[in-house]
2 protein chains.
Amino acid sequence: MPRPRAFDEESVLDNAMNIFWRKGFETTSVQDLVEETGLNRASMYSSFGDKKALFLRVLEHYSAKISTKRFEKLRETADGREAIVATFKDTTLQCCNDGRFKGCLMVNSGMELAPHDPDIAAISHRAFRRVEDMFANALRRGVDAGTISGDKNIRALARFLAASFQGVQLMARRGSDPETLQDYTETILAALD
Amino acid sequence: MPRPRAFDEESVLDNAMNIFWRKGFETTSVQDLVEETGLNRASMYSSFGDKKALFLRVLEHYSAKISTKRFEKLRETADGREAIVATFKDTTLQCCNDGRFKGCLMVNSGMELAPHDPDIAAISHRAFRRVEDMFANALRRGVDAGTISGDKNIRALARFLAASFQGVQLMARRGSDPETLQDYTETILAALD
DNA sequence: CATACTCTGGAACGGATGTTCTATAATACA
DNA sequence: TGTATTATAGAACATCCGTTCCAGAGTATG
């Protein structure tokens, strides 16, 4: 019976994600969202709730679409060491070529909101933990394959890699020059030796 | 002739710094600043210009007061290796005990504003470079003292340390748990071996 | 074709934003 | 002591914020 929606939820989330990613939560106005998504104010509120609810949906969307893809090789490359190296190199290269200083939406949001917003703090914490676990798995695969020394503290090294991965994206958002980023990444990866 | 000021500029900057540090630039309102500093609106505008001008003064103040102190040991401890280790351990401990997730004002501001504000991007970039240079100096002292191996790439290692130092403060602001932070710091410092 | 229902466009809401203005208070020098 | 000069207090400004409301558009079913 009802009038069908004139918008595609996926593409609305894509567009909303891009503004939030570029500008951050507070600086992005509902007006910005309306203009960028093409969606009407009323439709936005009836379909997604308020601004924060939309933002939470965007974070899920980011995890599912961007983050999942960014860690694809980390999860799937058979040799753990190769998986880790490729993940860092790909992201570093991507950050350099981006040129728009977006960094990582999850990192940005954690920095901006976690101190004041327990919901975001929890999401951000879980996201970090997921990444940490992915690195830990890759490290174990590396140890099994013999490309990573067996006497490493896997958990500590995984935490280091996860934190350093965030560090790379912090540097990218701040607009770091490529040489600095490359020096940084190479030294991070030296921890695998 | 004129009526003397009823406020102390130093303490106004201290208070303003603390709000900006906690809340970030955009989220801090002029009302917040008026309440926290005790300074009148008109006095604020006549003495410091607008909100952004005050923020720039606060960043200088932060560099001179907080940042300088934070890197005191890094600059002054004779043995470079000891200087670096102490700097990381002190800051990590301080971050854990803070409990208010403030992180580093310079890092926070760079993340929030650098992509959209060239002034902040430049300030943030210079600040990073200064830290990088301090680490490089410490590394050279360590090499001279024989506590750091001579075949290291000093510049790359300094960049790694400076970036990782930011990483620690990123983690702190996000509210990372102490064990993760400690694992992270210890693995960073292993790069000195 | 009529009805029921949801979506859409845009105006409207109260409140908060950064900034400026005006009137008054307070001092140092003539 | 009177005057010049600046600081202060607080009202006032236009603008933007997130959110809500209402009138009308559009379609699947009866």
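Below, chains carry the letters A, B, ... as their sequence lines are ordered, and counting in each starts from 1. What you are looking at is a predicted structure, and each value in this text was computed from that prediction instead of being measured.
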Q: Would you mind building the protein contact string for nucleotides 13-22 of chain D? One character per nucleotide, 5' to 3', B for base within reach (heavy atoms under 4.0 Å), S for sugar-phosphate only, - for untouched.
A: ----SBBBB-
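A close approach under 4.0 Å does occur between a side-chain nitrogen or oxygen of B:Ser43 and OP1 or OP2 of D:dT8.
Interface residues of residues 14-24 of chain B facing DNA chain D, ordered by number: none; criterion, heavy-atom separation under 4.0 Å.
Listed by chain and number, the residues in a side chain to side chain contact (heavy atoms under 4.5 Å, CB included) with A:Ala191 are A:Leu157, A:Phe160 (sequence neighbours excluded). Evaluation of the side chain to side chain contact (heavy atoms under 4.5 Å, CB included) rule for A:Glu186 yields A:Gln182 as partners, not counting sequence neighbours. Applying the side chain to side chain contact (heavy atoms under 4.5 Å, CB included) rule to A:Ser46 yields no partners; only residues at least two apart in sequence or on another chain are considered. Residues forming a salt bridge (Lys or Arg N to Asp or Glu O under 4.0 Å) with B:Glu10 (at least two apart in sequence, or on another chain): B:Lys65.
Listed by first and then second residue, the side-chain hydrogen bond (donor to acceptor under 3.5 Å, both in side chains) pairs involving residues 98-112 of chain A are A:Asn18-A:Lys102 (not counting sequence neighbours). Within the structure, the ring-ring contact (aromatic ring centres under 6.0 Å, His included) test picks out the following pairs touching residues 33-61 of chain A (sequence neighbours left out): A:Phe20-A:Phe55, A:Phe25-A:Phe55. Among residues at least two apart or in separate chains, there is no ring-ring contact (aromatic ring centres under 6.0 Å, His included) pair with a member in residues 89-124 of chain A.
The CG-C1' distance, from B:Leu39 to D:dA9, rounds to 12 Å in whole Å. If you take CZ of B:Phe48 and C1' of C:dG18, they are 17 Å apart, rounded to a whole angstrom. What separates CZ of B:Phe7 from C1' of D:dA9 is a distance of 14 Å, to the nearest Å. Atom-to-atom, CD of B:Glu35 to P of D:dA9 comes out at 14 Å; the value is rounded to the nearest Å. When the P atom of C:dG18 is taken as reference, atom CG of B:Leu33 falls 8 Å away, rounded to whole Å.
Note on ring orientation: taking the six-membered ring where Trp is involved, the planes of A:Tyr62 and A:Trp21 are perpendicular (angle over 60°, cut-offs 30° and 60°).
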